[in-house]
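Counting convention: from 1, in listed order, for ligands and their atoms alike. The basis for the numbers below is simple: all heavy atoms, side chains too, and nothing from hydrogens, waters or symmetry mates. Numbers here simply count residues along the sequence, with the first being 1.
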Amino acid sequence: MVPPTALADPTAATGGAPVGTPDAPAIKDPVKDTILTPRFYTTDFDAMAAMDLRPNEQELEAICEEFRKDYNRHHFVRNAEFDGAAEKLDPDTRRVFVEFLEQSCTSEFSGFLLYKELSRRIKQQNPLLAECFAHMARDEARHAGFLNKSMADFGLQLDLGFLTANKAYTFFKPKFIFYATYLSEKIGYWRYIAIYRHLEKHPESKIFPIFNFFENWCQDENRHGDFFDALMKAQPDTVRGLRARLWCRFFLLAVFATMYVRDVARKEFYEALGLDAREYDKYVIAKTNETSARVFPVVLNVEHPKFYTRLERIVSNNKALSSADDSAGPAPLKAVRKLPYWLANAAEMAKLFLMVPIRSERFQPAVR
Ligand SMILES: [Fe+2]
Ligand SMILES: [Fe+2]
């Protein structure tokens with residue numbers, strides 16, 4: 001990855017080329033934080049350090065051995081295909097694609113920061129866990145750096161140093177970190193592989209060469225997800241009992257709903273790739289749900305006809321919320337206009353949460 005400090009002054013290396021060109025990318029202001037933008041996390045490092053891995057040490061050791069092999073060491077190398085590729089995009093596609101790059105770069109970078117900090121803070125007490133986190137930080141740094149280089153092709157760059165210092169960090173207890181990162185790794189895997197396979201069949205929709213890298217890339221995410229799977233099995237209470245079942249439902253729903261609402265609102269990006277955002281998300285959700293049954297005690301009934309009806313209501317409430325935002329009038333008046341939609345969203349989420357889940361044994365009997 002490009003060290004954050006090197007991103008602070010992009011003209012330094014270019015002898016003062018005009019800012020906003022690939023030679024001297026302009027620093028892009030991070031998008032405003034909303035419930036849908038990627039978050040940065042921190043956790044209880046002492047609890048992580050004290051974690052007893054013995055219940056599943058062999059599997060974790062085997063995963064660490066895989067990480068050491070560093071399969072993608074030589075994968076993220078830009079080739080001639082990138083030359084001039086950015087100029088071929090029409091302005092609308094360009095806008096949605098840059099948004100995609102920014103969002104992806106931010107979430108990859110968020111993973112890097114968390115894993116890096118974990119590996120640093122638990123090194124003495126828990127060397128095996130620390131080593132795994134260090135390898136994953138290496139991968140995420142590569143991913144974020146590679147995305148940021150593509151942003152530079154569009155004359156933009158995320159100031160990752162600024163982001164590190166200024167973004168709000170959400171504190172999660174270790175078990176919540178496990179649920180959230182496990183899901184984001186596995187969903188990342190299915191998102192990347194689904195795009196890759198689609199573009200393999202429809203090369204005419206490959207709007208940028210970065211998609212050629214997704215096949216090996218998503219294997220990194222898959223391995224990261226497997227690591228958290230093994231880690232939860234080393235801490236069996238995280239995936240056993242009533243509380244665990246409730247939390248797993250909550251995290252599955254939060255992750256699926258956030259992705260669905262965000263992707264439908266940004267459907268132009270998927271259209272540019274020849275994909276229907278809703279169909280794509282339904283596929284990714286079904287696959288991630290099925291995969292999660294390997295470790296979570298329950299998963300969601302995403303095939304239930306009401307599941308997407310309710311998500312669609314949240315989509316349309318959010319549309320109303322943003323038009324209230326754009327409407328004229330003082331802030332308190334806008335809040336009054338928005339209140340019914342917030343309440344409606346809360347009610348839909350509560351109903352979704354209360355839908356009867358599926359016991360994982362029914363999904364993944366062979367691996368459980
Ligand atoms: Fe990644
Ligand atoms: Fe990852």
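Residues that satisfy the side-chain hydrogen bond (donor to acceptor under 3.5 Å, both in side chains) test with Asp237, not counting sequence neighbours, are Arg240. Tyr169 meets the ring-ring contact (aromatic ring centres under 6.0 Å, His included) test with Phe40; sequence neighbours excluded.
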Name the atoms and distances for all side-chain donor-acceptor pairs under 3.5 Å in residues 331-341, with sequence neighbours left out.
unit_1: Lys334; atom_1: NZ; unit_2: Asp325; atom_2: O; d: 2.8
unit_1: Lys334; atom_1: NZ; unit_2: Ser327; atom_2: O; d: 3.4
unit_1: Arg337; atom_1: NH1; unit_2: Ser327; atom_2: OG; d: 2.6
unit_1: Arg337; atom_1: NH1; unit_2: Ala328; atom_2: O; d: 3.0
unit_1: Lys338; atom_1: NZ; unit_2: Asp325; atom_2: OD1; d: 2.9

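Protein N, O or S atom count below 2.8 Å of the Fe ion (ligand 2): the structure gives 5.
The two atoms that bring Gly225 and Tyr182 nearest to each other are O-CD1, 3.3 Å, heavy atoms only.
Remark: the Glu290 side chain and the Trp190 side chain contain no N/O donor-acceptor pair separated by less than 3.5 Å.
Using a cut-off of 4.0 Å between Lys/Arg side-chain N and Asp/Glu carboxylate O, Arg138 and Asp70 are scored as salt-bridged.
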